[in-house]
Amino acid sequence: MKPASACIRIALLMLSSCVLIQARSKVEMKVLIRMLDAQEAFFKAEVIEGFESKPRSEIEVVHYASVDSIPLELEKHTSDAGLVKVPFDKAWSLVDQGHIKPLNDFLTEEQMKEFGSTYLLTSLGMRGGKQYYVPRKFETRVMVYLKSRVKEACAVWRMHHDAVSAELKKYNGYGLPATYMLEDDPNAWDFFDVFVAGWVWAHTQYGGTQNGRVAHRGKRYSGTALRVIDRAFSCGADSAAIIDMHGDAVRDAFLWEAAYAASGIYNPRMWKQEWSGSGVWEGFKDGDVFLSFMTQLDCFFIHGTGRDGLEGFLKDPDDMGVAVMPAGCSLDIDKTGKVAREGSHAITTGGWWWGIPVHTPDALVSYKVARHITSTENQVQGCSRFGMIPVRKDILSDMSMLFGGGWITEVYDVSFKQLMANKKTVLPSHPKFDKIRDVYLDAWFDIVVNRNWAAGKSGGTPDAGHIESVLSGTYRSQVDKLK
């Protein structure tokens, strides 16, 4: 019996060793995210559940409350955070705080080369020659409009030419540019074109009412400030001008906002009811908005997909059109009748990254999870259901096949054109940019909502000189203190 007992003991030792090896090879990690409820449900049930790995990974999805809480969450989960979803505007502050591990620290040169050949715009997640982030999704704004209403405006704008020109003459001393034409294709529009179409709509009765039908977010939050900053970039500002809140382009942005409000082209509900994105969606539904500037996710909510709670806001979803953002320009006209300062279609590119925390249990497994999350199959599902701009080059090369060639393909075609127009335009990485952005918000409410665009009492004709004095006398000093 002794030899048999010895064999049993040896067998038990071998079994316990295997269990110990298995236990040691098991990786437990948390993925820190912030998503919409429907997106989070899809992410947990269909994306994370589909991940298989050796060694075996136990993955728990943790929802963090706000993007400002990311550093605290990473410190709270120091021993087990494997991935964190990071918005563009928080990316470099997390790197500066030492929270994010560069991919170059654990991937081979060949793996880095393959990474670069897989994803778009990876340079936006790179600094100092090191790649810190894996793209999750890109985000930018496009112009969203009702095709039928744009067609109507293009058909009758000449009847309104003299009235529009007389209105603009109050602001620039000249009127419309000398050779002005409203193009049929909104992809060719600039700020004057939006003004002309908006004027037609604001002076036409629809459903027994007559009011402005152009709108954007008007709530006191970051989305509204971003619209003003985007307008300044389109007018030709660079990051330094945005941080300094200085220069022609910044003043031009506020002057255009004032002109749209003063002329009745903007729907005042956008600030009176403090519209966020959902307010604008409702505006499209109620017939109070014909044109706005929205993200891809907004487009999916407005049009509707019939799943994941996205039922749509239009009686005729096929009436939704999308185009690149209108080109920026000065409202000023030179003596020859030409626009004094030309801008571009560029606005900011934003979005979200996957970052690997420095104390991840296993950086290579974290990277594999990120690659699984951003696989072609998962990207196609996420993009077709939730309006994410895909980050993979293989999807870009075959969008019509992947998305069916319908309205979703159109949204992504236009979005990629917008990304290309943006080039490397992103929000400045200044450590106090959140506070600088809030100064823009305060200035917009003061100048546009409270009609402080002319000397004397509230109202009057928007004046570039007065707007410049408000910016330099009140708000630029606040920015200077933050720098």
Side-chain angles (χ1 to χ4, degrees), residues 86-92 95 115-144 185-191 193-194 225-250 252-253 256 293-296 299 322-330 339 341-353 383 388-393 395-397 399 410-430 433 436-437 440:
V86 178
F88 271 33
D89 58 349
K90 297 294 182 183
W92 300 118
V95 170
F115 169 83
S117 67
T118 300
Y119 297 101
L120 295 159
L121 301 176
T122 56
S123 62
L124 297 179
M126 180 185 291
R127 194 166 75 172
K130 289 193 173 184
Q131 185 73 43
Y132 284 90
Y133 291 101
V134 178
R136 148 75 177 171
K137 69 169 182 176
F138 297 124
E139 201 171 77
T140 189
R141 268 67 54 206
V142 293
M143 188 164 68
V144 183
D185 181 6
N187 286 287
W189 284 12
D190 64 10
F191 290 175
D193 296 306
V194 174
L226 180 57
R227 173 68 200 119
V228 181
I229 291 169
D230 273 350
R231 192 184 281 282
F233 272 120
S234 294
C235 286
D238 57 16
S239 290
I242 296 296
I243 291 173
D244 291 341
M245 206 177 191
H246 186 272
D248 290 340
V250 173
D252 287 344
W256 272 113
F293 314 101
M294 311 296 283
T295 67
Q296 290 65 42
C299 294
V322 290
V324 296
M325 293 290 278
C329 57
S330 66
V339 171
R341 291 177 293 281
E342 295 280 0
S344 72
H345 293 278
I347 59 168
T348 52
T349 294
W352 294 75
W353 303 107
C383 295
M388 296 166 25
I389 299 182
V391 299
R392 296 182 61 96
K393 292 180 180 178
I395 295 178
L396 173 62
S397 65
M399 284 194 295
E410 183 184 5
V411 168
Y412 288 135
D413 277 338
V414 171
S415 297
F416 276 111
K417 289 176 183 176
Q418 186 61 55
L419 287 179
M420 296 304 103
N422 296 349
K423 297 180 180 177
K424 292 189 176 183
T425 307
V426 294
L427 288 173
S429 57
H430 192 281
F433 187 73
I436 293 173
R437 182 187 60 202
Y440 275 85

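For this chain, numbers begin at 1 and follow the sequence in order.
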- Message: Just so I know, are the side chains of Glu342 and Asp190 near enough to count as touching, which here means a heavy-atom distance under 4.5 Å?
- Response: no
- Query: Ignoring hydrogens and geometry, is there a side-chain-to-backbone donor-acceptor pair from Asp244 to Ala241 under 3.5 Å?
  - Reply: no
- Taking Tyr133 for the side chain and Thr122 for the main chain, is one N or O donor matched with an acceptor at less than 3.5 Å? no
- Message: Less than 4.5 Å apart, side chain to side chain, heavy atoms only: is that true for Phe191 and Cys235?
- Response: yes
- Message: Nearest 0.5 Å, please: how far is SG in Cys329 from CG in Asp193?
- Response: 8.5 Å
- Validation row: Lys393, Thr118 side chains within 4.5 angstrom (heavy atoms): no
- Query: Quick check: does any side chain N or O of Gln418 sit under 3.5 Å from a backbone N or O of His345, one acting as donor and the other as acceptor?
  - Reply: yes
- Should Gln296 and Met388 be marked as a side-chain contact (heavy atoms from CB on, under 4.5 Å) after you check the CA-CA gap, both sets of side-chain angles, and the distance that decides it? CA-CA 7 Å; Gln296 290 65 42; Met388 296 166 25; over 6 Å; no
- Task: For side-chain contact (heavy atoms from CB on, under 4.5 Å), just list the numbers for Cys299 and Thr295, CA-CA rounded to whole Å, side-chain angles, deciding distance to a tenth of an Å, and then say yes or no.
- Result: CA-CA 6 Å; Cys299 294; Thr295 67; over 6 Å; no
- Distance-minimising heavy-atom pair for Trp189 and Val194: CE3-CG2, 4.0 Å
- Message: Centroid separation under 6.0 Å, is that true for the rings of Phe115 and Tyr119?
- Response: yes
- Message: Determine whether a donor-acceptor pair (N or O, by modelled atom type, separation under 3.5 Å) exists between the side chain of Tyr412 and the backbone of Pro390.
- Response: no
- Can you find a heavy atom in the side chain of Ser330 that is under 4.5 Å from one in the side chain of Asp248? no
- Message: Between Ser239 and Phe233, does the side-chain contact (heavy atoms from CB on, under 4.5 Å) criterion hold? Intermediate values first, please.
- Response: CA-CA 8 Å; Ser239 290; Phe233 272 120; 4.3 Å; yes
- Query: Less than 4.5 Å apart, any side-chain heavy atom of Val144 and any of Phe293?
  - Reply: no
- Task: Verify whether one side chain among Ser429 and Arg127 offers a donor that lies under 3.5 Å from an acceptor in the other.
- Result: no
- Query: How about Phe138 and Val391: do any of their side-chain heavy atoms sit closer than 4.5 Å?
  - Reply: yes
- Task: Measure the spacing between CD1 of Ile395 and CD1 of Ile389 and express it to the nearest 0.5 Å.
- Result: 12.0 Å
- Task: Answer whether the closest heavy-atom distance between the side chains of Arg392 and Leu120 falls below 4.5 Å.
- Result: no
- Message: Determine whether the aromatic ring centres of residues Phe88 and Trp352 are separated by less than 6.0 angstrom.
- Response: no
- Query: Hey, mind stepping through Val324 and Met143 against side-chain contact (heavy atoms from CB on, under 4.5 Å) and telling me if it holds?
  - Reply: CA-CA 6 Å; Val324 296; Met143 188 164 68; over 6 Å; no
- Item | Any donor-acceptor N/O pair, Thr425 side chain to Asn422 backbone, under 3.5 Å | yes
- Search all heavy atoms of Pro326 against all heavy atoms of Ser234 and return the closest pair with its distance. O-OG, 4.4 Å
- Query: Looking at CE of Met245 and CD1 of Ile243, how far apart are the two atoms once the value is rounded to the nearest 0.5 Å?
  - Reply: 13.0 Å
- Message: Closer than 3.5 angstrom, by distance alone: can the side chain of Glu139 be matched with the main-chain N or O of Thr349 as a donor-acceptor pair?
- Response: no
- Item | N-O pairing of Arg231 and Asp252 below 4.0 Å | no
- Task: Measure across Val250 and Ala232 and return the closest heavy-atom pair with its distance rounded to 0.1 Å.
- Result: CA-CB, 4.2 Å
- Note on the structure: Here the pair of heavy atoms bringing Thr140 nearest to Thr348 is OG1-O, 3.1 Å
- Any chance NE2 of His246 has more than 12 other-residue heavy atoms, nucleotides or ligands included, within less than 6.0 Å? no
- Are Tyr132 and Trp353 side-chain neighbours, meaning at least one heavy-atom pair lies under 4.5 Å? no
- Lys424 side, atom NZ; Leu121 side, atom CG - distance, nearest 0.5 Å: 9.5 Å
